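Report on the following structure.
Everything quoted here is computed from the prediction, not taken from an experiment. Computed from heavy atoms alone, side chains included, the values below leave out hydrogens, waters and symmetry copies. Positions are given from 1, in the same order as the sequence printed here. Note that ligands are numbered from 1 as they come in the structure, with each ligand's atoms numbered from 1 the same way.
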Amino acid sequence: MHKKLLSEMVKRQIEARGVKDKNVLKAMREVHRELFVPAKMHGSAYEDRPLPIGYGQTISQPYIAALMTELLELKGNEKVLEIGAGSGYQAAILSKLAKKVITIERIEELAERTKKLLKKLKYNNVLVIHGNGTKGYSKEAPYDAIIVTAAADKIPYALIEQLADNGVLVAPIGPSYQQELIRIRKRKEKLETDYHGGVIFVPLIGG
Ligand code: SAM
């Protein structure tokens, strides 16, 4: 039953809104969102919206997860850093499109839960770290791609520092009630920015 809901979700919510990257669409079809939401939310897993995952946090709307992934332009050999592991859904999608994913979560219980879930589901190229993502994770830097899945007024400097040359960073930037999805490309220490529409994320804490 949910396979049909999943393929409808990708067709109507993601492809229909303009996400074109075949590999991203394939990954979206392969990652079953219901596995990443609490049992009581299973019936809503394929709806076109963020859902609560406990601790006051959310799993992103599928379209936004797909759009942010597409903006990273992954080819398969990248090391990716995610800030805000949350449910692990975005990390699972990234793990299918990159070589290695490091994802940081500030809420310890959520980090532990997500670590266990991703291990059980055999997403073996994902490393879940409990910590403050505004500092990045220098141990594994530099990163070919960085994705921030919580909202901030500006991009934490550590993340720019840990981005590789020609690396791409995608983040929701702006006040708590609405942000703009921005993409930054680092070229020889210069930053090029493009803009990808309004979004609403829970806040990035501890910047
Ligand atoms: N990517 C997640 C997913 O696929 O489920 C959704 C992320 S949720 C919208 C934002 C997450 O960022 C929350 O789990 C929150 O606890 C986390 N967060 C907020 N500030 C953080 C910080 N400084 N470092 C790491 N995680 C942070």
Between [X] and ligand 1, does any nitrogen or oxygen pair lie at a separation below 3.5 Å?
X: Phe201; result: no
X: Gly133; result: yes
X: Ile205; result: yes
X: Ser87; result: yes

Nearest non-hydrogen contact to atom 9 (C) of ligand 1 from the set Leu204, Thr134, Thr114, Thr149 belongs to Thr149
Judged by heavy atoms only, the candidate from Lys135, Arg106, Met68 nearest atom 18 (N) of ligand 1 is Arg106
Hits for ring-ring contact (aromatic ring centres under 6.0 Å, His included) against Phe201, two or more places apart or cross-chain, chain-then-number order -> none
* **Set of ring-ring contact (aromatic ring centres under 6.0 Å, His included) partners for His32, sequence neighbours left out** =>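 ring-ring contact (aromatic ring centres under 6.0 Å, His included) list for His32, sorted by chain: His2.
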**Stepwise side-chain contact (heavy atoms from CB on, under 4.5 Å) test for Arg113 and Tyr55** = CA-CA 12 Å; Arg113 191 176 86 187; Tyr55 310 98; 3.9 Å; yes
| Note, Pro156 side chain near Leu204 side chain (heavy atom, < 4.5 Å) |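 With C-beta onward as the side chain, the pair touches.
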| request: Would you mind reporting whether Arg187 and Asn166 have side-chain heavy atoms less than 4.5 Å apart? | output: yes
Does [X] come within less than 4.0 Å of ligand 1, judged by its heavy atoms?
X: Pro203; answer: yes
X: Gly131; answer: yes
X: Ala85; answer: yes

Which atoms of ligand 1 are found less than 4.0 Å from any heavy atom of [X]?
X: Gln90; value: 1 (N), 4 (O)
X: Tyr89; value: 4 (O)
X: Leu110; value: 14 (O)
X: Glu82; value: 1 (N)
X: Ile107; value: 16 (O)

Problem set entry | Criterion side-chain contact (heavy atoms from CB on, under 4.5 Å) against Leu94, the qualifying member of Asn125, Val31, Leu74 |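 Per the side-chain contact (heavy atoms from CB on, under 4.5 Å) rule, the option paired with Leu94 is Leu74, out of Asn125, Val31, Leu74.
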Test side-chain contact (heavy atoms from CB on, under 4.5 Å), reference Leu81, set Thr103, Ile147, Leu159, output is Leu159
With heavy atoms under 4.0 Å as the rule, classify the contact between [X] and ligand 1 as side chain, backbone, both or neither.
X: Val202; answer: side chain
X: Gln57; answer: side chain
X: Ile53; answer: neither

Enclosure of Arg12 CZ (heavy-atom neighbours >12, cutoff 6.0 Å)
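Atom CZ in Arg12 is not packed in, count stays at 12 or less.
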Quiz item: Given the rule that I, L, V, M, F, W and Y join up when any side-chain heavy atoms are under 4.5 Å apart, are Ile200 and Ile173 in one cluster?
Solution: no
message: If hydrophobic clusters are built by linking Ile, Leu, Val, Met, Phe, Trp and Tyr wherever their side-chain heavy atoms come under 4.5 Å apart, do Val202 and Ile182 end up in the same one?
response: no
Does a side chain donor of either Gln90 or Thr69 reach within less than 3.5 Å of an acceptor in the other side chain?
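A donor-acceptor contact under 3.5 Å links the two side chains.
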